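Only one structure is covered here, and it is reproduced in the block below.
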Amino acid sequence: MSKLSRLNKDRTVDGILVQLPLPKHIAEKTIIQAIAPGKDVDGFHPVNAGALFTGQPCLKPCTPLGVMVMLEHHNTALRGAEAVVVGASNIVGKPLAMMLLQAGATVTLCNSKTQNLEEKTRRADILVAAVGRPGLISAEMVKPGAVVIDVGINRLESGQLVGDVDFDRVARVAKAITPVPGGVGPMTIAMLLQNTLDAAESLAPSST
Ligand code: NAP
């Protein structure tokens, strides 16, 4: 905590990232809340989360931000589109649902209790998988012509790294699909650098 306090006050430091998960004896919530919102380049502080929710300028979580930048870069129509986000964590699914909503999409946010997942995913013009279960999204669950974003990262027993989407089969029905590795992951890192630059230029809420 004292280290964070020092970094918060240090005018030569623009961004602070606390690598999660933390050891069990350290409360994640307490640590995140101890970061100055203006230096919170992960965008996890409740001040930034609240600002995102209410559509105000803020530092946004890097993974969902990277997804939005990818969609916008490829001129994916978001206004009026059906977007389905599978996975509702605070760091990916929830903020991404909010960003898609603010971009004009009609958003369905699914979690582990969702009934008839396939019925929801098949409606999606934009389908995002952010769960952490290899093979969760099969080709039958995807509307032909959908844009599919795979946030999941799973290490198989063979050592292979895969996402949540059955890439080979889904690629045959999707209009566009992100690979794992090499898709959302590098975008997340790029957005972390973008957030740090934004924090340095003070586009974010107050640094203290
Ligand atoms: P998390 O905190 O474990 O959340 C997983 C979410 O998936 C929860 O909302 C959970 O529902 C939901 N879920 C679980 N089983 C489901 C099912 N069968 N159907 C629908 N929803 C289900 O995970 P996370 O931190 O968001 O990460 C998700 C995945 O993305 C992981 O593989 C992680 O490694 C990856 N990831 C990648 C990046 C990147 O840069 N590419 C960044 C962050 C995370 P409940 O809310 O009901 O529990």
Side-chain angles (χ1 to χ4, degrees), residues 15 17-24 27-29 31-32 40-46 48-49 52-53 59-71 73-74 82-101 107-124 126-143 146-167 170 176-196:
L17 174 152
V18 176
Q19 186 66 54
L20 302 176
L22 293 169
K24 283 203 166 52
E28 197 172 290
K29 201 165 98 181
I31 295 297
I32 289 172
D40 167 39
V41 288
D42 258 339
F44 295 161
H45 192 288
N48 283 314
L52 172 62
F53 196 88
L59 290 166
K60 297 179 177 137
C62 302
T63 301
L65 184 58
V67 171
M68 293 304 290
V69 168
M70 258 196 291
L71 292 172
H73 180 80
H74 289 282
E82 288 271 357
V84 176
V85 179
V86 185
S89 70
N90 287 336
I91 63 168
V92 187
K94 282 186 205 164
L96 180 59
M98 198 48 59
M99 291 177 203
L100 287 163
L101 185 70
V107 182
T108 303
L109 182 56
C110 305
N111 61 19
S112 64
K113 292 97 189 166
T114 298
Q115 304 286 310
N116 301 322
L117 184 62
E118 180 171 345
E119 178 208 316
K120 275 86 179 168
T121 59
R122 277 196 69 86
R123 288 206 305 255
I126 297 150
L127 175 60
V128 182
V131 170
R133 267 186 62 178
L136 178 70
I137 305 296
S138 65
E140 294 71 36
M141 296 170 78
V142 177
K143 176 166 135 182
V147 171
V148 179
I149 308 281
D150 195 351
V151 178
I153 303 175
N154 309 287
R155 175 83 58 187
L156 301 181
E157 273 180 21
S158 62
Q160 192 192 350
L161 213 55
V162 297
D164 291 347
V165 177
D166 181 351
F167 183 90
V170 172
I177 182 169
T178 62
V180 178
V184 174
M187 286 303 295
T188 299
I189 297 163
M191 293 307 102
L192 185 61
L193 296 174
Q194 181 65 57
N195 273 353
T196 306

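Every number for a ligand or one of its atoms is a count from 1 in the order of the listing. Source: prediction; values computed, not measured.
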| message | Looking at Asp164 and Gly132, would you say the former's side chain and the latter's main chain have a donor-acceptor pair under 3.5 Å? | response | yes

| task | Name all residues meeting the side chain to side chain contact (heavy atoms under 4.5 Å, CB included) criterion together with Leu22; count only those two or more places apart in sequence or in a different chain, and write none if there are none. | result | Val18, Leu20, Ile26, Glu28, Ile31

| query | What do you think, any protein heavy atom under 4.0 angstrom from atom 19 (N) of ligand 1? | reply | yes

| message | Run Thr178 and Asp150 through side chain to side chain contact (heavy atoms under 4.5 Å, CB included) and show every step you take. | response | CA-CA 6 Å; Thr178 62; Asp150 195 351; 3.8 Å; yes

| So which heavy atom in the protein is nearest atom 31 (C) of ligand 1, and how far is it from that ligand atom? | Gly132 CA, 3.7 Å

| query | Is it true that a side-chain atom of Asn48 and a backbone atom of Leu59 form a donor plus acceptor pair closer than 3.5 Å? | reply | yes

| message | Closer than 3.5 angstrom, by distance alone: can the side chain of Asp166 be matched with the main-chain N or O of Ser138 as a donor-acceptor pair? | response | no

| Just which atoms of ligand 1 are under 4.0 Å from any heavy atom in Gly185? | 40 (O), 41 (N)

| field | side chain to side chain contact (heavy atoms under 4.5 Å, CB included) assessment of Phe44 paired with Asn90 | value | CA-CA 8 Å; Phe44 295 161; Asn90 287 336; over 6 Å; no

| said: Quick check against the 3.5 Å criterion: does Ser89 have a side-chain atom that pairs as donor or acceptor with the backbone of Val92? | reply: yes

| For atom 46 (O) of ligand 1, which protein heavy atom lies nearest, and how many Å away is it? | Asn111 CB, 3.9 Å

| said: Quick check against the 3.5 Å criterion: does Asn154 have a side-chain atom that pairs as donor or acceptor with the backbone of Gly163? | reply: yes

| query | What's the shortest distance from atom 26 (O) of ligand 1 to any protein heavy atom, and which residue and atom give it? | reply | Ser89 OG, 2.5 Å

| query | Quick one: does ligand 1 sit under 4.0 Å from the side chain of Thr188, the backbone, both or neither, non-hydrogen atoms only? | reply | side chain

| field | Full working for side chain to side chain contact (heavy atoms under 4.5 Å, CB included) between Leu96 and Ile149 | value | CA-CA 12 Å; Leu96 180 59; Ile149 308 281; over 6 Å; no

| Within reach of ligand 1, part of Arg133 (heavy-atom separation under 4.0 Å) | side chain

| message | For Val131, which part has a heavy atom under 4.0 Å from ligand 1: side chain, backbone, both, or neither? | response | both

| said: Checking a contact table here: which protein heavy atom is nearest atom 42 (C) of ligand 1, and how many Å away? | reply: Thr63 OG1, 3.1 Å

| task | Consider every N or O of Ile153 and every N or O of ligand 1, then say whether any pair is closer than 3.5 Å. | result | yes

| For Cys62, does its backbone N or O pair with a side-chain atom of Asp42 as donor and acceptor, under 3.5 Å? | no

| request: Walk me through it: do Met187 and Val67 pass the test side chain to side chain contact (heavy atoms under 4.5 Å, CB included)? | output: CA-CA 7 Å; Met187 286 303 295; Val67 171; over 6 Å; no

| query | Just which atoms of ligand 1 are under 4.0 Å from any heavy atom in Lys113? | reply | 45 (P), 47 (O)

| request: Check each heavy atom of Val92 against ligand 1 and say whether those closer than 4.0 Å belong to the side chain, the backbone, both or neither. | output: side chain

| task | Check each atom of ligand 1 against the heavy atoms of Ala88 and keep those under 4.0 Å away; list them by number with element. | result | 6 (C), 8 (C), 9 (O)

| query | Is Val151 touching ligand 1 with its side chain, its backbone, both, or neither, if touching means heavy atoms under 4.0 Å apart? | reply | both

| said: Just to be sure I read this right, does ligand 1 sit under 4.0 Å from the backbone of Ile91, its side chain, both, or neither, counting only heavy atoms? | reply: side chain

| request: Could you tell me whether Asp164 and ligand 1 have an N or O pair separated by under 3.5 Å? | output: no

| query | Among Cys62, Gly87, Ser112, Pro64, which residue places a heavy atom closest to atom 7 (O) of ligand 1? | reply | Gly87

